[in-house]
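For reference, positions follow the sequence shown, starting with 1.
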Amino acid sequence: MAKATRKQALGRGLSALLKDPDNDIQSAEDKNADKVVGNIIELDLDSIEVNPFQPRTSFNEETLQELATSIRELGVIQPITVRKLDYNNYQLVSGERRFRASKLVGLKTIPAYIRIANDQESLEMALVENIQRQDLDPVEIALSYQRLIDEINLTQEQLSDRVGKKRSTIANYLRLLKLDPIVQTGMRDGFLSMGHGRALINITDPEMQLDIYAKVISNKLSVRETESLVRSITTGEKSPKETKAAGSKELSHDIKKGIKDFSEYFGAKIDVKVTPKGNGKLIIPFSSEEDFRRLKKLIGSEN
């Protein structure tokens, strides 16, 4: 969460810079222009106008309301992109749905990337340099890749050459942007790894994806366990944990207490297997022959 706070603070600082009429930035050569290109900046929504040449003219009200609800709960995860027209006057380049949804929930500002005159080369350099940083989370990297594709008009093959990554690696990152915003936030906050995210992408139903996400977090599932869980849902196969549970009976309170007592007595973690019929076995582990003799003595066997 600290990472998000730093970004927001930076955005507010740059917002103040852009509102200084004596140092208005109009081109990539102007003073402080390097502080603007490639950074996230909080802009007043009232200072942004929609692009009159936007080919998309209709927006689904239901999905717009769903996005507005997500923004109300989580904020704007992916910044919009604007083009600077004049002092404190900007035009949307991409992100009109996010722009409209933010207005619906009454936000006053929105995180944005700003394009200024003659800045395409500077923007590309800033984005590529940003990707090379070591502290980026997977979603940040994916967003940077997507911006290079959208704003510099690169194909995945060209992007592969620019950043020195395999095309398959870039494709895997870009697929993360298809995850539900809540899952993306979990990755950005460090609750999930990229491996978890790649497993969850295979669940296309949003509600089911969030349900599995909750199980991964609450049960602290590893990537392999998450993959197994997803596979069990998509193919109908039982995961190892489900298979194990199907072949065993829920332990009673007395047995659970007995296991604790046994473990304390033997000084080892005792395991109990109980079948659905009620019979079972007690497993007492030992670490060496000396430890085995210790356990034997505790049992009371002299032979």
- Task: Ignoring hydrogens and angles, tell me if any N or O in the side chain of Asn219 forms a donor-acceptor pair with the backbone of Leu221 under 3.5 Å.
- Result: no
- Does the pair Glu96/Arg100 count as a salt bridge with the N-to-O cut at 4.0 Å? yes
- Message: What's the separation between atom CD1 in Ile48 and atom CG in Leu92, rounded to the nearest 0.5 Å?
- Response: 6.0 Å
- Message: Using the side-chain hydrogen bond (donor to acceptor under 3.5 Å, both in side chains) criterion, which residues pair with Arg72? Sequence neighbours excluded.
- Response: none
- Across all chains, not counting sequence neighbours, the side-chain contact (heavy atoms from CB on, under 4.5 Å) partners of Ile201 are Arg175, Leu176, Leu179
- Task: Could you tell me whether a side-chain N or O of Gln184 sits under 3.5 Å from a main-chain N or O of Leu177, the two making a donor and an acceptor?
- Result: yes
- Do side-chain atoms of Ser232 reach the backbone of Leu229 as a donor and acceptor pair under 3.5 angstrom? yes
- Query: Please, which pairs that meet side-chain hydrogen bond (donor to acceptor under 3.5 Å, both in side chains) have at least one residue in residues 193-205, sequence neighbours excluded?
  - Reply: Ser193-His196
- Task: Starting at CD1 of Ile149, measure out to CD of Gln146 and round the result to the nearest 0.5 Å.
- Result: 5.0 Å
- Query: How about Glu157: does its CD atom have over 12 heavy atoms from other parts shown lying under 6.0 Å from it?
  - Reply: yes
- Task: Please confirm whether the backbone N or O of Glu62 pairs with a side-chain atom of Gln65, one donor and one acceptor, at under 3.5 Å?
- Result: no
- Message: Please check: side-chain N/O of Gln209 versus main-chain N/O of Ile203, any donor-acceptor pairing under 3.5 Å?
- Response: yes
- Message: Counting only heavy atoms from other residues, nucleotides and ligands, does the tally under 6.0 Å from CZ of Phe191 exceed 12?
- Response: no
- Task: Going by the side chain to side chain contact (heavy atoms under 4.5 Å, CB included) test, name the single residue among Val223, Thr226, Asp211 that passes it with Val216.
- Result: Thr226
- Task: Would you confirm whether Thr185, through its side chain, and Pro181, through its main-chain N or O, come within 3.5 Å as a donor-acceptor pair?
- Result: yes
- Spatial distance of atom OG1 (Thr169) from atom CD (Gln156) [nearest 0.5 Å]: 11.0 Å
- Query: Lys166 side chain to Ser168 main-chain N or O, any donor-acceptor pair under 3.5 Å?
  - Reply: no
